[in-house]
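As the structure is a computational prediction, the values presented were derived from the model and not from experiment.
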Amino acid sequence: MSYDQRTMPPSDDPNSDKLSQQDRPVESNIKSIRAIEQQIREHDSEAAIIQLKRARNSLLNVSKLPPEILGEIFRLNCTLERDFGPLEERSHNFLLVCHHWFEVASRTPEVWSFWGSDLEDWTRRHRLHPTAPLDLVFDGDPDDGLGDSLLNALQDRAARDTIRRVHLSTSSGFLGSILSLLASCDGIRTSSVESVFLWAGEDPLDVSDFLACYRFPKLRRLELRNLTISSWDPITSNISVLTALTLDNSFAPPTITLPQILSILRSNPSLQEVTLAGSSIPDDDDGTSFRVSLAHLRKLDLDGRPRGVFTLLHQLDYPRSMDNLIVRLSDITAGDIPKIIGPSVRDYVQRRRSPGSGLGLELDLCYYGNLSVVVGDPGRADFPPSAAREWMDKHLTIKIFPLGQGAPVRGVIFDLIAYLPREEITHVRIHDELIFAAALSAQLPYLRAIHYMDTCSHYVFRDLDQEEMFPHLQHLRITASWQFRTDGSNWGPFTAFLDHLESFGHRLDKLELDGRYHIDPSVEEKIRGMVGELTMTMTPADERSSVSVFDKSVILVFQTSHQL
């Protein structure tokens, strides 16, 4: 609907005359637009119609935006959100809106920074805007090599110092050919490179020549995966302003020493995120290690055997307010829990938890036998609306996988919980019927809030104890996924649980049933009479995904070939 002064209601505002005067330019624009549209309808000449349309578009309010602001909007629409793209579909459709927008985009170099992520895209786009900052991205194995035109374009970009990102995940041969080209061409400069992500294929590749030949004064992020250990050496000398570092040695033999790792970290004191993956941390300690201070660290992700990982961790001074500590441990045995893991969990919780806030606990057994135990400050007095929401602060996550055939899952959980102040655990979320209500009450009698995820009520509330259960429980939520549809005939165990609470003079303040439930009206009426508040919701399955979404986390991932 077009704006028309005649359709505006009368105003009682004493300044209405002033407002009307301010609106007169708008009314004049509308009249001009209508006049131009009438001329467009009357013309047959395509060239004249194009000029008239441009004149009409120039009168629209959107054309009043300064070009630099409009260009920034276009740039944001074309920014890579992932390391290897691609851009979102139709990300450049704004080029088709009008001639003015096309001209602004043509004068905004950042709009043309991405060649694409495969050889076909590179061939089609590499000639566009040779002075624009380039995000050099490739993901996959090429069907052919680089043609002469692409080779010349890469050499020209390197010499012009217009390469901003180098994100290459491809076969070792193709990756080596690109890096050799960049490292060998005359006049190459690297002062504009801000991010380097190199991921070789199955065969580890040595890229030390590329990293050692030049300094990278603006390089903030470096990620090296499946490269030889010698590729890491230049990090201690040619790169000194990193804020994010990832070294993944998943396929190459771990030959680096602990002092070498500490030297890399000490050479980059501005680091905010560090990931050492693929058993990159050595298991031996030659006694020559030293302490390293990382005052800006927000995320630390370590992968290796218990002794090596914790030896490295104890050599680092990181801020107490660090958001995430992720530790993935391989080859865990039952003896590691009392000797290494349990004491570390206890010390971490004592050091980081807020006094008097209670503790939250989350238990999950994934499909492949991966056990996850999360502990931290509840952060708030209730659970979030869905599983895909953060609900704990400063939390520690312990992941043990795989547990192995016949491993005593509940025994491992209770062994870990034994190192926590159980009287302070007030909130718990449990996935997949991992622990029945009776066993949970015996282990954690001070709970105030429980959330059973992806479960069915008739299953977890069976075999109730005769003793009092959950004397402090106030809030209970049960979320059933689509495969756990519960019909009205299976509510007996749950109503028996509510009866059990009432028999000891206790009732829930709040009960939430989240999922595709069907409850007979008589059963629903009975449940409503046994709780202070009943809420029933229908939640799509994709909103109950058990993805990791926490901040301020510590994650320990355990890989074991022994039965715990």
Looking only at atom types and distance, does a side-chain atom of R220 sit under 3.5 Å from a main-chain N or O of K218, one as donor and one as acceptor? yes
So do the side chains of H506 and L473 get within less than 4.5 Å of each other, counting heavy atoms only? yes
Worked check of side-chain contact (heavy atoms from CB on, under 4.5 Å) between L363 and L371: CA-CA 8 Å; L363 308 173; L371 174 64; 5.8 Å; no
Between Q260 and T257, a side-chain donor and acceptor under 3.5 Å: yes
What heavy-atom pair brings L300 and L302 nearest, and what distance separates the two atoms? CD1-CD2, 3.7 Å
Could you report the tightest heavy-atom contact between L440 and V428, atom names first, then the distance? CD2-CG1, 4.1 Å
Output field: ring centroids F461/F436 closer than 6.0 Å: no
Are M536 and E524 close enough that some pair of their side-chain heavy atoms sits under 4.5 Å apart? yes
Check whether any side-chain heavy atom of V166 lies under 4.5 Å from a side-chain heavy atom of S195, and answer yes or no. no
Student check: side-chain heavy atoms of W232 and I264 closer than 4.5 Å: yes
Is the backbone N or O of E467 less than 3.5 Å from a side-chain atom of H500, with the two atoms forming a donor-acceptor pair by type? yes
When every non-hydrogen atom of P378 is compared with those of H427, the smallest separation belongs to CG-ND1, 3.8 Å
Spacing of L447 atom CG and S441 atom OG [to the nearest 0.5 Å]: 8.0 Å
Quick one, V349 and L420 - any side-chain contact, counting heavy atoms below 4.5 Å? yes
V374 vs S372 side-chain heavy atoms within contact, under 4.5 Å: yes
Going from CD on E502 to CG on L508, what distance comes out if it is rounded to the nearest 0.5 angstrom? 9.5 Å
Fit a plane to each ring of F310 and H314, take the angle between them on a 0 to 90° scale, and name the class: parallel (under 30°), tilted (30 to 60°) or perpendicular (over 60°). tilted
Establish, from distance only, whether the side-chain atoms of E512 and H451 form a donor-acceptor pair under 3.5 Å. no
Are the side chains of L247 and T275 in contact, using a 4.5 Å heavy-atom criterion? no
Are D139 and S117 close enough that a side-chain donor and a side-chain acceptor fall under 3.5 Å? no
Where the side chain of S231 meets the backbone of L227, is there a donor-acceptor pair that is under 3.5 Å apart? no
Salt bridge R429-D364, side-chain N to carboxylate O under 4.0 Å: no
Under the salt bridge (Lys or Arg N to Asp or Glu O under 4.0 Å) rule, what do K299 and E273 come out as? Steps first, then yes or no, please. CA-CA 5 Å; K299 176 184 177 182; E273 299 182 7; 5.2 Å; no
Sequence-distant partners of F470, ring-ring contact (aromatic ring centres under 6.0 Å, His included), two or more places apart: none
To the nearest 0.5 angstrom, please state how far the CZ atom of R346 sits from the CD atom of Q350. 6.5 Å
Start with the C-alpha distance between E194 and R165, add both sets of side-chain angles, then the distance that settles side-chain contact (heavy atoms from CB on, under 4.5 Å), and finish with yes or no. CA-CA 6 Å; E194 301 173 2; R165 300 178 187 172; 5.5 Å; no
Do F197 and L168 come within less than 4.5 Å of each other through their side chains, counting heavy atoms only? no
Between K339 and R307, does a side-chain contact (heavy atoms from CB on, under 4.5 Å) hold up when you go through it step by step? CA-CA 10 Å; K339 292 179 181 179; R307 184 184 175 204; over 6 Å; no
For L464 versus A438, what's the shortest heavy-atom pair and its separation? CA-CB, 4.5 Å
Hey, is E223 close enough to R225 for a salt bridge, meaning N to O under 4.0 Å? yes
More than 12 non-hydrogen atoms from neighbouring residues, nucleotides or ligands closer than 6.0 Å to OH on Y446, yes or no? no
Distance under 6.0 Å and angle within 45° of ring axis: R477 vs Y452: no
Kindly compute the distance separating CG (L205) from OG (S171), expressed to the nearest 0.5 Å. 9.5 Å
Taking side-chain hydrogen bond (donor to acceptor under 3.5 Å, both in side chains) as the definition, give me every residue that meets it alongside Q272, ordered by chain and number, with sequence neighbours left out. R298
Once you round to the nearest 0.5 Å, how far does CD1 of I425 lie from CD1 of I417? 5.5 Å
Y348 side, atom OH; L313 side, atom CG - distance, nearest 0.5 Å: 10.5 Å
Test D301 against N324 for side-chain contact (heavy atoms from CB on, under 4.5 Å), laying out the working first. CA-CA 8 Å; D301 187 334; N324 298 287; over 6 Å; no
Looking only at non-hydrogen atoms, find the nearest pair between S230 and S208 and report the distance. O-CB, 3.6 Å
Should the heavy atoms of other residues, nucleotides or ligands under 6.0 Å from CD of E468 be counted, would the total exceed 12? yes
Taking every non-hydrogen atom, the tightest pair across I430 and I435: CG2-N, 4.0 Å
